[in-house]
Amino acid sequence: MPSGLRTASAIIVIAGVIAFLLVISRPNAELTPPVENAVIVKSLILERTDISPLIHVYGEITAGREGELRAQVDGRIVTLHDQFRDGVAVVQQTVLAEIDPEEFEIAVAEVSADLDQARALLSEYRQDQVANEKLAKNAQKQVEISIRNLERAEKLARIKQGSEQAKDDASLALAQAEQSEVQARQAVTRAKSRIAQQRAAVQSNEARLARAERDLRMTKIIAPFDGYVTDVNLALGKAVGVGETLGRIIEAADLEVRFNLPEADYGRLLAAVVDLEGQQTHPLLGASVQIIWKVGDTELSRDAQITRVGAEIDAAWGGIELFATLAEDASVMGLRPGAFVDVLVPDIVYRGVYSVPERALDAETLVYQIIEGRTKAIEVNVLRDLGGDIIIDGPIPDRAEVVAERFPGITDGARVRPVRERPSS
C-alpha cells in the first residue's frame, strides 16, 4: 500500500477515536425547574386600637350678638366720642354721641311743673272729700235727731199734750235735715268724682314725664355691650332723625362659628347616643370642636363648644346648621365676623379596629396578610373612609403583617418580599 494512503487512513482512524472519546466523555445535561421571583412590597404591622376620627368641614365666624345704633329722637349731634369710629373697641355704657338735649330738658321741666300742679290739685280734692264726708255724717245725725223729735211731737199730739203746730214744726225740721243730708252726700260724690278725674290727670302727666325723661335719655347714644364699632355714619353737628342708623356694634366676647354638618355625619353622631328618650337638651350641645384659622402661612387654633343646632335640615344638600361659641379671648387673637375657618368635629369612637392606607385594599375589600413570604387574602369590613386611610375590621390577627400597597396582579398565595413601613395608627 502506498505510504500516502496509509497516512490518510491513520488520520481518519485517529479522528474517529477522538470523536468517540468526546461523545462518551461529555457531561449529561439535567433539567432544572424555573425560579419563582418574589415581588418586593411595602408592608406594615397592624395593631387594634380605638380611633376617633375628625369630621373636617368649613365654617364662618359670626357675631353671637350685634346691635344697630340708631337715633331715637330728632336733633343735632353736639358731642361725639373719640372711640366712635370703625374698628374701635368700646365698653358697655360708653356714651358714643349726644344729640342736643336742650329742648328735651325744657320739655321735662314743663311736664314736671304740670305734674306738680296736678298732684297739688289732687291733694286739695282729697281734703275736700274728707270735709264733705264729715258734713255728711253731721247731716245724717241731724236727720236722726229730727226723726226722734217728730216721733215725740206725734206722741204728745195723740195724748192731747202737744199741739199740731209743734208736730208740723218737727216734720218741717226733719224735711230740712234730710235735704241737708242729700246735699252733703252729693258733695261727697262730686268730690270722689273730681279725685278720680284728677288722679287720671296725675297719671297722664306722669306718663308724659316718663316719655320726656326717656327722650332726654335717648339723646345719648350708648354702647349696649362691650364690642367693636363698625359702619359708623356720623359727624359732629349732623342733624339726625328718629330711626336713622348711626352705626353698628358687634359683641367682642361672644363670637360663634357657623358651620354645616352633612346629614350622614349628623345622623351617625346622633345614633351614638344610646337613649334619646328623656333627653332635656340636644345630645350634641356642649360638644367640643376645634377651629383653625389660616392667616397666610400661619394657622391659629381655638376650641369652641356647640351651643345651638339649626331648626331644620337644609333641603338643598341635606346638611344641618350648627353654632359653636368660641372662648372670650377669640377676638384678642384677631378673629372677626366674616372670617372663614376650618372646623374639626370629633366623630364617634371606633373601638378595637385597624387603620390601613386606602391603597392596601382592592376593589373587593380584601387585605393581604403576609405569612412566610406569601400573601393570604382576607375580606374585611370597611367602617369609614378617612380620605387616604381607611378604618377596617375583620378576621385579621392582631400584630399581623399586611401588604401596605397592592401591586398589579396581586393574588392569594403570591410570593412577596416585604419592606416594612411604620405601623399605621
Side-chain angles (χ1 to χ4, degrees), residues 63-133 187-254 337:
R65 181 170 56 159
E66 66 176 71
E68 286 194 346
L69 302 171
R70 293 178 177 270
Q72 301 298 314
V73 293
D74 296 328
R76 190 174 300 278
I77 300 297
V78 295
T79 303
L80 193 60
H81 199 287
D82 291 340
Q83 290 183 311
F84 198 16
R85 292 179 291 172
D86 284 349
V88 176
V90 297
V91 297
Q92 187 177 9
Q93 295 302 315
T94 298
V95 179
L96 303 175
E98 186 176 9
I99 297 171
D100 189 353
E102 184 176 358
E103 291 186 7
F104 302 97
E105 291 171 345
I106 294 173
V108 169
E110 289 177 346
V111 177
S112 295
D114 291 344
L115 177 59
D116 290 341
Q117 182 179 359
R119 285 173 174 170
L121 194 55
L122 176 61
S123 177
E124 180 181 338
Y125 288 164
R126 283 173 174 167
Q127 292 175 358
D128 289 344
Q129 181 185 4
V130 172
N132 288 326
E133 286 177 346
V188 170
T189 302
R190 287 194 297 269
K192 289 182 178 179
S193 178
R194 285 197 302 269
I195 288 173
Q197 293 175 354
Q198 195 60 30
R199 188 182 294 117
V202 168
Q203 292 175 347
S204 176
N205 282 287
E206 286 175 344
R208 289 175 56 210
L209 180 60
R211 284 194 296 268
E213 290 175 340
R214 181 204 61 189
D215 290 344
L216 179 58
R217 290 194 302 271
M218 291 302 178
T219 59
K220 295 180 179 180
I221 312 301
I222 298 175
F225 44 77
D226 295 352
Y228 294 91
V229 176
T230 185
D231 296 340
V232 175
N233 179 27
L234 198 58
L236 192 63
K238 178 181 178 181
V240 295
V242 176
E244 184 174 343
T245 300
L246 309 179
R248 289 190 305 123
I249 183 169
I250 299 172
E251 189 168 23
D254 191 19

Looking only at heavy atoms, the pair that brings Gln83 and Thr94 closest together is OE1-CG2, 4.1 Å
So CD of Gln198 and CD of Gln203: to nearest 0.5 Å the spacing works out to 11.0 Å
One should read off an interatomic distance between Ser112 OG and Arg208 CZ, to the nearest 0.5 angstrom, of 10.0 Å
On a heavy-atom basis, the closest approach of Arg248 and Asp231 is NE-OD2, 2.8 Å
query: So do the side chains of Leu69 and Thr245 get within less than 4.5 Å of each other, counting heavy atoms only?
result: no
Discussion item. Using the rule given for side chain to side chain contact (heavy atoms under 4.5 Å, CB included), can you reason through Ile106 versus Glu110, listing the C-alpha separation, both sets of side-chain angles and the distance that settles it, and then say yes or no?
Written reply: CA-CA 6 Å; Ile106 294 173; Glu110 289 177 346; 3.8 Å; yes
Next on the checklist: Taking CD in Glu103 as the centre, count heavy atoms belonging to other residues, nucleotides or ligands within less than 6.0 Å. Is the count above 12?
Outcome noted: no
_Side chains of Leu122 and Ile195 in contact at under 4.5 Å (non-hydrogen atoms)_ = yes
Taken to the nearest 0.5 Å, the spacing of Glu244 CD from Arg70 CZ works out to 9.5 Å
Looking only at heavy atoms, the pair that brings Ile222 and Gln93 closest together is CG2-CA, 3.4 Å
Value for OG1 (Thr230) from CD1 (Ile249), rounded to nearest 0.5 Å, stands at 10.5 Å
When every non-hydrogen atom of Ala97 is compared with those of Leu80, the smallest separation belongs to CB-CD1, 3.9 Å
_Can you confirm whether Lys220 is buried at NZ, in the sense that more than 12 heavy atoms of other residues, nucleotides or ligands lie under 6.0 Å from that atom?_
no
The reported gap from CG in Asp100 to CZ in Arg76 (rounded to nearest 0.5 angstrom) is 9.0 Å
Distance col, row Leu96:CG vs Asp82:CG, nearest 0.5 angstrom, shows 11.0 Å
Take Gln117 and Asn205 through the test side chain to side chain contact (heavy atoms under 4.5 Å, CB included) and record every step on the way to the result.
-> CA-CA 10 Å; Gln117 182 179 359; Asn205 282 287; over 6 Å; no
Nearest heavy-atom contact between Thr79 and Leu236 is N-CD1, 3.8 Å
Does the pair Glu124/Arg194 count as a salt bridge with the N-to-O cut at 4.0 Å? no
Review point. Less than 4.5 Å apart, any side-chain heavy atom of Leu115 and any of Glu206?
Key: yes
Checklist entry - Are Val188 and Lys192 side-chain neighbours, meaning at least one heavy-atom pair lies under 4.5 Å? => result yes
For Ile99 and Asp74 the tightest heavy-atom approach is CG2-O, 3.9 Å
